[in-house]
Amino acid sequence: MLNAKELVQWENGLSFNDIAARQGIRIRRHCRPTASLKEIEEELGAPLNILEKIIWDKEIEVAEGHAKKPLEEVIQAATKAPPSRDFYGALEAAYKRNGVPALIAEVKKASPSRGVLRENFNPVEIAQAYEKNGAACLSILTDEKYFQGSFDNLEKVRSSGVKCPLLCKEFVIDKWQIYNARSKGADAILLIAAVLPDLDIRKFLQICEELGMTALIEVHDEREMERVLKINGVKLIGINNRSLETFVVDTSNTKMLLEKHGDIIREKGILVVGESGLFTPDDVAYVQNAGVSAVLVGESLVKQECPGRAIVGLFGKELLH
Ligand SMILES: O=C(O)c1ccccc1NCC(=O)[C@H](O)[C@H](O)COP(=O)(O)O
């Protein structure tokens with residue numbers, strides 16, 4: 001827990017990196033959105049890995065967002081958006097209905113680890129095909145620079161008649177992004193524990209609750225899982241099999257973390273999503289046996305000629321709505 005002095009420092013944006021580092025967070029912030037990359041690198045050196053680079057760019061992008069649309073305006077827009085859909089409920093229901101992990105199918109054009117996954121990319125067609133073939137929810141990447149995603153894609157999918165709840169797959173570092181995502185039609189948002197100190201996760205969870213959104217809290221290692229399990233109000237945890245720092249993908253990560261923490265997760269009624277690197281029915285069965293109730297899948301679907309029909313191949317059976 002932070003003491004009162006640390007809390008004040010935090011609120012003033014001071015010693016952010018020190019406080020984060022105490023929680024085991026390796027990703028640093030430059031906290032200088034108007035500085036050039038050269039000036040930032042003079043102070044901090046080069047980014048340590050791709051995730052840190054993404055976050056440094058995101059700090060600048062979010063500051064530009066604030067300048068274009070002040071917080072009060074995005075809050076207004078979010079409160080005027082059509083009601084959010086129940087992301088968590090859709091996963092729970094699909095798991096019960098199908099007896100296999102509920103599918104969050106990702107609308108993903110490219111990624112830093114794999115480059116362009118699909119040249120001929122129509123986000124609405126892909127989203128509709130996923131829904132038609134039994135996806136419970138969809139994940140829409142909105143980061144432009146590294147994933148060739150966009151908020152335009154999110155809005156297009158939302159207004160296309162697709163009924164599945166939508167996850168805004170972003171690198172959230174500021175509450176402005178959550179209001180903005182809701183205003184564009186998101187029903188859920190990703191919060192990455194490797195990037196966000198506990199206090200931010202708590203604050204952002206509260207905002208999600210006020211907006212009727214689900215927060216998917218993503219962890220990758222032991223320390224992140226331990227931190228997140230101490231935070232009240234966490235209902236949905238994603239275990240990423242991919243290290244966002246090294247890109248190494250290992251599905252046994254899900255098994256290892258659930259062997260250690262499965263009991264407390266079940267006690268708290270938290271639903272777990274297995275994320276990344278799932279290609280075959282055996283992969284899905286492996287993470288299901290480890291204890292997940294849902295899976296988040298991008299590459300193995302989006303690379304197929306018919307991403308919708310690829311769902312049958314991934315699960316070895318048709319999924320019912
Ligand atoms: O996918 C990446 O290369 C990546 C790099 C840096 C940060 C995040 C990244 N991906 C986000 C994800 O975790 C995946 O998009 C998602 O879990 C689906 O994974 P996959 O089925 O392996 O495409």
- Message: For K68, is there an ion pair with E64 - N to carboxylate O distance below 4.0 angstrom?
- Response: no
- Item | I50 side chain near L244 side chain, heavy-atom distance below 4.5 Å | no
- Item | Main-chain N/O of F16 paired to R29 side chain as donor or acceptor, under 3.5 Å | no
- Query: Does atom NZ of K109 have more than 12 heavy-atom neighbours from other groups under 6.0 Å away?
  - Reply: yes
- Query: For I25 and A194, which heavy atoms make the closest approach, and how far apart are they?
  - Reply: CG2-O, 3.2 Å
- Query: Any side-chain heavy atom of L236 within less than 4.5 Å of one from V273?
  - Reply: yes
- Message: Can you give me the closest heavy-atom contact between P33 and I60, atom names plus distance?
- Response: O-CG1, 3.7 Å
- Query: Does one hydrophobic cluster hold both I54 and L48, with members joined at side-chain heavy-atom distances below 4.5 Å?
  - Reply: no
- Message: I'd like to know whether CD of E210 has more than 12 heavy-atom contacts from other residues, nucleotides or ligands below 6.0 angstrom.
- Response: yes
Tabulate below the donor-acceptor pairs under 3.5 Å that side-chain atoms of residues 164-175 make, not counting sequence neighbours, or state none.
unit_1: K169; atom_1: NZ; unit_2: E106; atom_2: OE1; d: 3.0
unit_1: E170; atom_1: OE1; unit_2: K58; atom_2: NZ; d: 3.0
unit_1: E170; atom_1: OE2; unit_2: K58; atom_2: NZ; d: 3.3
unit_1: E170; atom_1: OE2; unit_2: T142; atom_2: OG1; d: 3.1
unit_1: D174; atom_1: OD1; unit_2: H66; atom_2: NE2; d: 3.3
unit_1: D174; atom_1: OD1; unit_2: W176; atom_2: N; d: 2.8
unit_1: D174; atom_1: OD2; unit_2: H66; atom_2: NE2; d: 3.4

- Does L320 offer a backbone N or O that forms a donor-acceptor pair with the side chain of R97 under 3.5 Å? yes
- Cationic N near anionic O, under 4.0 Å, E259 to K255: yes
- Message: Side chains of N241 and S276 only: does a donor on one sit below 3.5 Å from an acceptor on the other?
- Response: no
- State, yes or no, whether a side-chain contact exists between L138 and I104 at a heavy-atom distance under 4.5 Å. no
- Is the backbone N or O of V302 less than 3.5 Å from a side-chain atom of R118, with the two atoms forming a donor-acceptor pair by type? yes
- Message: For the CD atom on E41, are there more than 12 heavy atoms of other groups (residues, nucleotides or ligands in this structure) within a distance under 6.0 Å?
- Response: yes
- Interatomic distance, L141 atom CG to L154 atom CG [nearest 0.5 angstrom]: 10.5 Å
- Query: L278, F247: one ILVMFWY side-chain cluster at the under-4.5 Å cut-off?
  - Reply: yes
- Write down the atom of V124, the atom of S160, and the distance for their closest heavy-atom approach. CG1-CB, 3.6 Å
- Query: Does any N or O in the side chain of E73 come within less than 3.5 Å of the main-chain N or O of P70, such that one atom is a donor and the other an acceptor?
  - Reply: no
- Message: Looking at E305, I'd like to know if its CD atom is crowded, meaning that more than 12 non-hydrogen atoms belonging to other residues, nucleotides or ligands lie closer than 6.0 Å.
- Response: no
- Message: Tell me if the NZ atom of K132 is crowded by more than 12 foreign heavy atoms within 6.0 Å.
- Response: no
- Apply side-chain contact (heavy atoms from CB on, under 4.5 Å) to I239 and E275, showing your working. CA-CA 6 Å; I239 299 180; E275 301 179 10; over 6 Å; no
- Task: Working to the nearest 0.5 Å, report the span between CD1 of I217 and CZ of R227.
- Result: 10.0 Å
- Query: Hey, are D18 and R22 close enough for a salt bridge, meaning a charged N less than 4.0 Å from a carboxylate O?
  - Reply: no
- Let me see the working for W56 and R28 under side-chain contact (heavy atoms from CB on, under 4.5 Å), right down to the final yes or no. CA-CA 8 Å; W56 287 9; R28 300 162 301 161; 3.7 Å; yes
- Message: If only side-chain N and O atoms count, and only distance matters, is there a donor-acceptor pair under 3.5 Å linking E222 with H261?
- Response: yes
- Query: Which heavy atom of K235 sits nearest a heavy atom of Y88, and at what distance?
  - Reply: O-CE1, 3.3 Å
- Message: Between R32 and E43 (salt bridge meaning N to carboxylate O under 4.0 Å), is one present in this structure?
- Response: yes
- In terms of hydrophobic clusters joined by side-chain contacts under 4.5 Å, are V195 and Y146 together? yes
- ring-ring contact (aromatic ring centres under 6.0 Å, His included) with Y286: which residues, sequence neighbours excluded? none
- Query: Got H321 and E131 here, is their nearest side-chain heavy-atom distance under 4.5 Å?
  - Reply: yes
- Task: Taking the side chain as every heavy atom from C-beta outward, state whether S300 and L314 have any pair of such atoms under 4.5 Å apart.
- Result: yes
- Side-chain donor/acceptor of Q23 to backbone N/O of D198, under 3.5 Å: yes
- Can any side-chain N or O of K268 pair as donor or acceptor with the backbone N or O of L229 at less than 3.5 Å? yes
- Mind checking the CG-CZ spacing from L271 to R266? Nearest 0.5 Å is all I need. 12.5 Å
- So do the side chains of E226 and V219 get within less than 4.5 Å of each other, counting heavy atoms only? no
- Query: Does the side chain of Q304 reach to within under 4.5 Å of the side chain of R309, using non-hydrogen atoms?
  - Reply: no
- Enter the distance from N98:CG to K317:NZ here, rounded to the nearest 0.5 Å. 5.5 Å
- Single-linkage hydrophobic cluster, 4.5 Å side-chain cutoff, L199 and M225 together: no
- Note on the structure: To the nearest 0.5 Å, atom NE2 of H30 lies from atom CG of D57 at 7.5 Å
- Please check if the side chain of R85 supplies one atom and the backbone of K163 the other of a donor-acceptor pair under 3.5 Å. yes
- Say whether, by atom type as modelled, one donor and one acceptor occur between the side chain of D283 and the main chain of F279 under 3.5 angstrom. yes
- Note on the structure: Which of E218, E224, H220 passes side chain to side chain donor-acceptor pair (under 3.5 Å) with N240? Answer is E218
- Can T280 and D282 be said to form a side-chain hydrogen bond (donor to acceptor under 3.5 Å, both in side chains), step by step? CA-CA 5 Å; T280 65; D282 281 352; 5.1 Å; no
- Query: Below 4.5 Å, heavy atoms only, C-beta onward: do V234 and L205 meet side chain to side chain?
  - Reply: yes
- Reported NZ-to-CZ distance for the pair K80 and R182, which is rounded to 0.5 angstrom: 14.0 Å
- Message: side-chain contact (heavy atoms from CB on, under 4.5 Å) for C208 and I189? Distances and angles first, verdict last.
- Response: CA-CA 8 Å; C208 286; I189 190 109; 3.5 Å; yes
- Transitively linked via ILVMFWY side-chain contacts under 4.5 Å: Y95 with L216? no
- Message: Checking the side chain of D200 only, and the main-chain atoms of L196 only, is there a donor and an acceptor separated by less than 3.5 Å?
- Response: no
- Message: When you measure from the side chain of S293 to the backbone of P101, do you find a donor-acceptor pair of N or O atoms at a distance under 3.5 Å?
- Response: no
- Query: If every non-hydrogen atom of A186 is compared with every non-hydrogen atom of M213, which pair is closest and at what distance?
  - Reply: O-CE, 3.8 Å
- Query: Do V248 and R242 pass the side-chain contact (heavy atoms from CB on, under 4.5 Å) test, and can you show the C-alpha distance, the side-chain angles, and the key distance before you say yes or no?
  - Reply: CA-CA 6 Å; V248 171; R242 175 180 289 113; over 6 Å; no
- Query: Which atoms form the tightest heavy-atom contact between R158 and D187, and what is the distance?
  - Reply: NH1-OD2, 2.7 Å
